[in-house]
A.B. asks: 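Can you keep this structure in mind? I'll have questions shortly.
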2 protein chains.
Amino acid sequence: MRIAEVSERYDISSDTLRYYERIGLLPSVNRNGSGIRDYSEIDTRRVKFVKCMRSAGLPIDVLIKYMELVQQGDKTIEARKEILKDQRELLAARIAEMQATLELLDHKIEVYENAVLRAEKAILEIEA
Amino acid sequence: MRIAEVSERYDISSDTLRYYERIGLLPSVNRNGSGIRDYSEIDTRRVKFVKCMRSAGLPIDVLIKYMELVQQGDKTIEARKEILKDQRELLAARIAEMQATLELLDHKIEVYENAVLRAEKAILEIEA
DNA sequence: CCTTGACTTGGAGTTAACTCCAAGTGATAC
DNA sequence: GTATCACTTGGAGTTAACTCCAAGTCAAGG
């Protein structure tokens, strides 16, 4: 699969895909005879994983480290697990923080709704 | 209250507090005779609000717009409500995305746990 | 054969959000 | 009274993560 199709399928620009490969976040993709990238199914699974992690806010340097360990095979399983556990906890904390902000927003929106309603009621009473 | 105390209380650097004031995210804080900022209780409530919204990832430009509307009084209530509703939806979407990633991480961690357990079991069997 | 269009590279530029710095001021400690 | 310290300003520098660009290659269509 060519870069344009991967880009469209996972909604990541070609520039970003090449950038990820350059910095080692995605391992080198195989090329065809003319040097053009040909993404394998495994490559696309990696793209999907990286996209998912990046969308959740995991930092690139941590993900590079993780992908390096993946390349090194089974002896790095413990280290990889620790990275994922650390990031899992950080992510859970961020979600909790955002959830609290969501509730605050809901509360403020409700206060505004009531303010609008009171204002409308006041206008009706004047008109009546 | 001086900037250092606000900084410590809300865990925002003095530089950031001054930066927020410069770009209009926080309204000008009153100064004492020697030009030093003296944060009022209202000021600190605003700091707390901005800190909360920023931590949840709301962009600065949107928050500046919101704070400008707050300064303009009651006639902007409807507009402010719309901003908060928009941001609420964006935030809810991001939380959902992150929640899905959290679950994926949990799944991967579990897979790694099992891999480690299998490896340990294999070693025990060799030793036995 | 020539044009078109997707691809390639290395490197430069951009964006958001800070973060730091130099030079200066005023109040307090010794 | 002078050293120290937190504060002030305007502006420059940094960081993370892209994003864009110029110049070139290659395959397919007319």
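Naming convention: chains lettered A, B, ... in sequence-line order (proteins, then strands); numbering from 1 in each chain.
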A.B. asks: Given atom CG of A:Asp38 and atom P of C:dT8, what is their separation to the nearest angstrom?
C.D. replies: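 My rounded result for the distance is 11 Å.
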A.B. asks: Show the nearest heavy-atom pair for residues B:Arg88 and A:Ile109, with the distance to one decimal.
C.D. replies: CB-CD1, 3.9 Å
A.B. asks: Please state whether the phosphate of D:dC7, meaning OP1 or OP2, lies under 4.0 angstrom from any side-chain nitrogen or oxygen of B:Arg37.
C.D. replies: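 So the side chain of B:Arg37 is outside the cut-off, no N or O lying under 4.0 Å from OP1 or OP2 of D:dC7.
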A.B. asks: If we ignore hydrogens and angles and just use 3.5 Å, is the side chain of B:Asp38 paired with the main-chain N or O of B:Met1 as donor and acceptor?
C.D. replies: yes
A.B. asks: Can you figure out which of D:dC7, C:dA6, D:dA27 approaches the side chain of A:Ser34 most closely?
C.D. replies: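 That would be D:dA27.
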A.B. asks: Rounding to a whole Å, what distance do you find between A:Met1:CE and C:dC7:C1'?
C.D. replies: 17 Å
A.B. asks: Do you know which two heavy atoms are closest between B:Gln71 and B:Pro27, and how far apart they sit?
C.D. replies: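 Smallest interatomic distance, heavy atoms only, reads NE2-CG, 3.5 Å.
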A.B. asks: Rounded to whole angstroms, how far apart are CG on A:Leu58 and P on D:dC18?
C.D. replies: 12 Å
A.B. asks: Between C:dT14 atom P and A:Tyr19 atom OH, what is the distance in whole Å?
C.D. replies: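 Taking atom P of C:dT14 as the reference, OH of A:Tyr19 is at 17 Å.
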A.B. asks: Which nucleotide sits closest to the side chain of B:Ile3: C:dT8, D:dT8, D:dA17?
C.D. replies: D:dT8
A.B. asks: Go through the structure and list residues passing salt bridge (Lys or Arg N to Asp or Glu O under 4.0 Å) with B:Glu97, not counting sequence neighbours.
C.D. replies: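 Not a single residue meets the salt bridge (Lys or Arg N to Asp or Glu O under 4.0 Å) criterion with B:Glu97.
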A.B. asks: Can you find a side chain N or O atom of B:Arg31 that sits less than 4.0 Å from OP1 or OP2 on D:dT9?
C.D. replies: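 True: B:Arg31 side-chain N/O within range (under 4.0 Å) of D:dT9 OP1/OP2.
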A.B. asks: Looking at B:Ala56, is its backbone amide N or carbonyl O close enough to the side chain of B:Arg94 to form a donor-acceptor pair, meaning the two atoms are under 3.5 Å apart?
C.D. replies: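 Looks like yes, one N/O pair under 3.5 Å.
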A.B. asks: Side chain of B:Ile36 only, please: which of C:dC18, D:dT8, D:dA17 is the nearest?
C.D. replies: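 Closest nucleotide to the B:Ile36 side chain: D:dT8.
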A.B. asks: For the side chain of A:Ala4, counting heavy atoms from C-beta on, which of C:dA17, C:dA6, D:dA17 is nearest?
C.D. replies: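 Looking only at heavy atoms from C-beta outward on A:Ala4, the closest nucleotide is C:dA6.
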A.B. asks: Counting side-chain heavy atoms from C-beta on, which of C:dT8, D:dC18, C:dC18 comes nearest to A:Arg54?
C.D. replies: D:dC18
A.B. asks: If the cut-off is 4.0 Å, is B:Tyr20 near the phosphate of C:dC18, judged by side-chain N/O to OP1 or OP2?
C.D. replies: yes
A.B. asks: Any side-chain to backbone donor/acceptor pair from B:Ser13 onto B:Thr16? Under 3.5 Å, distance only.
C.D. replies: yes
A.B. asks: Between C:dC18 atom P and B:Tyr10 atom OH, what is the distance in whole Å?
C.D. replies: 18 Å
A.B. asks: Classify the nucleic acid contact of A:Ile23 as base, sugar-phosphate or nothing, counting any heavy atom under 4.0 Å across all strands shown.
C.D. replies: nothing
A.B. asks: Taking only N/O atoms, report every protein-nucleotides 20-23 of chain D pair under 3.5 Å with atom names and distance.
C.D. replies:
| from | atom 1 | to | atom 2 | distance (Å) |
| --- | --- | --- | --- | --- |
| D:dC20 | N4 | A:Asp15 | OD1 | 3.3 |

A.B. asks: Using atom CD of B:Glu21 as one end and atom P of D:dC7 as the other, report the distance to the nearest whole Å.
C.D. replies: 14 Å
A.B. asks: If you measure from the Lys or Arg side-chain nitrogens to the Asp or Glu carboxylate oxygens, is any gap between B:Lys85 and B:Glu89 under 4.0 Å?
C.D. replies: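 No.
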A.B. asks: Between atom CG in A:Asn32 and atom P in D:dA27, what is the gap in whole Å?
C.D. replies: 8 Å
A.B. asks: Nearest whole Å is fine: how far is D:dC18 P from A:Leu63 CG?
C.D. replies: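 Nearest whole value for this atom pair: 10 Å.
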A.B. asks: Tell me which nucleotide among D:dA6, D:dC18, C:dT8 gets nearest to the side chain of B:Arg2.
C.D. replies: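 Among the listed nucleotides, the one closest to the side chain of B:Arg2 is D:dA6.
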A.B. asks: Quick one: does A:Phe49's side chain get under 4.5 Å of B:Lys108's, heavy atoms only?
C.D. replies: yes
